[in-house]
**Q** 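Below are the structure tokens for one structure; questions will follow.
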Amino acid sequence: MDYRKDGHDILLKQADFDLDETLDCGQAFRWEKISDNTYKGAFLNKGLVISSEEEKGIFRLHDTNESDLLEIWAEYFDLYTDYGELKRRFSEDSTLAKACGYAGGIRILKQDRWEALSSFIISQNNNIPRIKGIIGRLCEHYDGYPSWQEMKDETAESLAYLRSGFRAKYLVDAVAKISSGEIDLDEVAKMDIADARKTLQTIKGVGPKVAECTLLFGFYRTEAFPMDVWVKRVMANWYPNGLPECTKGAEGIAQQYLFHYIRTSGAFEEI
DNA sequence: GGCCAGGCTTCAA
DNA sequence: TTGAAGCATGGC
């Protein structure tokens with residue numbers, strides 16, 4: 001970790017990190033771009049404003065301190081993982097080499113379990129701008145992202161202001177199963193991946209895709225591989241025989257490069 | 001204005 | 001086990 005204090009801020013030197021590519025690539029939904037090079041967001045309701053400086057690879061974490069950097073943000077931004085090494089591994093494969101070259105500053109955000117689960121329940125059959133709108137209304141209502149405990153008394157009707165459609169009843173079911181103890185997210189964290197998948201999918205509105213996203217972004221299970229419409233296109237066009245060996249154990253991270261590549265680079269239109 | 005969205009449930013066969 | 005309709009809402 002290469003950093004220094006600068007007044008109330010911390011200046012961080014970090015390779016393989018781009019704010020747009022990481023904070024606005026559909027893995028988290030409440031980072032707001034407040035200026036050309038600055039985002040405002042939160043993890044577990046600890047807020048952060050982060051900017052990229054003129055000098056490449058330098059980031060300013062506003063109004064924070066060393067212990068929050070090391071204990072919270074370095075974890076959240078997955079700074080203890082060497083993405084350069086990961087990209088070298090992935091680049092044995094020619095398509096992944098292009099994807100990593102296209103947006104090499106993507107990192108996985110190690111998010112809160114409940115926030116990831118509930119956010120991706122909301123995400124289903126939905127587009128990213130509207131997902132952000134729904135989650136924005138939820139956070140505004142609760143003055144921060146609500147815990148499942150805070151949502152215990154919610155019903156589909158009481159959540160109508162979210163305008164989340166049929167997904168509201170799924171959120172209610174997730175809260176019910178967790179607050180009754182039927183599902184314990186701490187236990188899910190300890191399960192092997194197959195049991196974790198099966199357990200999460202007992203929640204109404206949680207199928208394969210939402211379960212994979214929850215495991216990848218909420219539990220940092222990097223072998224989880226979410227397949228949405230875009231990644232299905234990736235697989236159909238580039239990997240009809242399955243993912244290459246070089247992704248083993250980190251399929252979810254590879255998926256994030258591929259997802260961003262096919263969705264925003266124009267590569268899909270060329271197929 | 002119609003198509004589609006980081007899908008899932010339900011119900012048929 | 002697989003296939004297809006239905007789902008709420010709004011972005012583009």
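All values reported here derive from a predicted model rather than from experimental measurement. In the text below, chain A, chain B and the rest are named by the order of the sequence lines, each starting its count at 1.
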**Q** Please write out which residues are connected to A:Ile58 in a hydrophobic cluster, directly or through intermediates, given that two of Ile, Leu, Val, Met, Phe, Trp, Tyr count as joined at side-chain heavy-atom separations below 4.5 angstrom.
**A** A:Leu11
**Q** Assess whether one donor atom and one acceptor atom, taken from the side chain of A:Glu212 and the base of B:dG7, lie less than 3.5 Å apart.
**A** no
**Q** Tell me: CZ of A:Arg130 to P of B:dG7, nearest whole Å?
**A** 12 Å
**Q** What distance, rounded to whole Å, do you find between the two P atoms, one in C:dA5 and one in B:dC4?
**A** 14 Å
**Q** Could you identify which residues of residues 98-127 of chain A place a heavy atom less than 4.0 Å from some atom of DNA chain C, listed by residue number, or say none?
**A** A:Asn125, A:Asn127
**Q** A:Phe90 vs A:Tyr83, test: ring pair (Phe, Tyr, Trp, His ring centres under 6.0 Å). Steps then yes/no.
**A** CA-CA 10 Å; A:Phe90 292 157; A:Tyr83 279 69; 8.9 Å; no
**Q** Which ones in residues 156-163 of chain A lie close to DNA chain C, meaning a heavy atom under 4.0 Å from one of its atoms?
**A** A:Arg163
**Q** OP1, OP2 of C:dA8 versus side-chain N and O of A:Lys169: anything below 4.0 Å?
**A** yes
**Q** How close or far is atom P of C:dG10 from atom CD1 of A:Ile131, stated in whole angstroms?
**A** 14 Å
**Q** In whole angstrom, give the distance that lies between atom CD of A:Gln201 and atom C1' of B:dC8.
**A** 10 Å
**Q** A side-chain contact here means heavy atoms from C-beta on lying under 4.5 Å apart; do A:Pro226 and A:Val231 qualify?
**A** no
**Q** Is there a residue in residues 224-242 of chain A whose heavy atoms reach under 4.0 Å of DNA chain C, and which residues are they?
**A** none
**Q** What is the separation between atom CG on A:Leu200 and atom P on B:dG7, rounded to the nearest whole Å?
**A** 17 Å
**Q** Which part of the nucleic acid does A:Gly26 contact within heavy-atom distance under 4.0 Å: base, sugar-phosphate only, or nothing?
**A** base
**Q** Pair up each side-chain donor or acceptor in residues 236-246 of chain A with any protein partner under 3.5 Å, not counting sequence neighbours, and list the distances.
**A**
unit_1	atom_1	unit_2	atom_2	d
A:Asn237	ND2	A:Arg233	O	2.8
A:Tyr239	OH	A:Asp93	OD2	2.5

**Q** Quickly work out the A:Asp173 CG to B:dG7 P distance and round it to whole Å.
**A** 19 Å
**Q** Expressed as a whole number of Å, how far does the P atom of B:dG7 sit from that of C:dC12?
**A** 16 Å
**Q** Taking the P atom in each of C:dA8 and B:dG1, what is the distance between them to the nearest angstrom?
**A** 24 Å
**Q** Write down the distance between CG (A:Leu215) and C1' (B:dG6), rounded to a whole number of angstrom.
**A** 15 Å
**Q** Who passes ring-ring contact (aromatic ring centres under 6.0 Å, His included) against A:Phe268, sequence neighbours left out?
**A** A:Trp230
**Q** Rounded to the Å, how far apart are A:Arg167 CZ and C:dG6 P?
**A** 18 Å
**Q** Between the side chain of A:Glu251 and the main-chain N/O of A:Gly249, is any donor-acceptor distance below 3.5 Å?
**A** yes
**Q** If the threshold is 4.0 Å, N to carboxylate O, is there a salt bridge linking A:Asp173 and A:Lys177?
**A** yes
**Q** Go nucleotide by nucleotide along DNA chain B from the 5' end; which of A:Gly205 and A:Ile128 gets its closest nucleotide reached first?
**A** A:Ile128
**Q** Salt bridge or not for A:Asp9 and A:Arg60, using N-O below 4.0 Å?
**A** yes
**Q** For the CD1 atom of A:Ile108 and the CG atom of A:Leu216, what is their distance to the nearest 0.5 Å?
**A** 4.5 Å
**Q** Between A:Lys132 and A:Asp24 (salt bridge meaning N to carboxylate O under 4.0 Å), is one present in this structure?
**A** yes
**Q** To the nearest Å, give me how far apart NZ (A:Lys204) and C1' (C:dA8) are.
**A** 18 Å
**Q** Using the rule given for salt bridge (Lys or Arg N to Asp or Glu O under 4.0 Å), can you reason through A:Arg88 versus A:Glu85, listing the C-alpha separation, both sets of side-chain angles and the distance that settles it, and then say yes or no?
**A** CA-CA 5 Å; A:Arg88 278 191 291 281; A:Glu85 173 57 31; 3.3 Å; yes
**Q** Starting the side chain at C-beta, find the nucleotide from C:dC7, B:dT10, B:dC8 nearest to A:Phe166.
**A** C:dC7
**Q** Is A:Glu223 salt-bridged to A:Lys248, going by a charged N under 4.0 Å from an acidic O?
**A** no
**Q** Expressed as a whole number of Å, how far does the C1' atom of C:dC7 sit from that of B:dC3?
**A** 16 Å
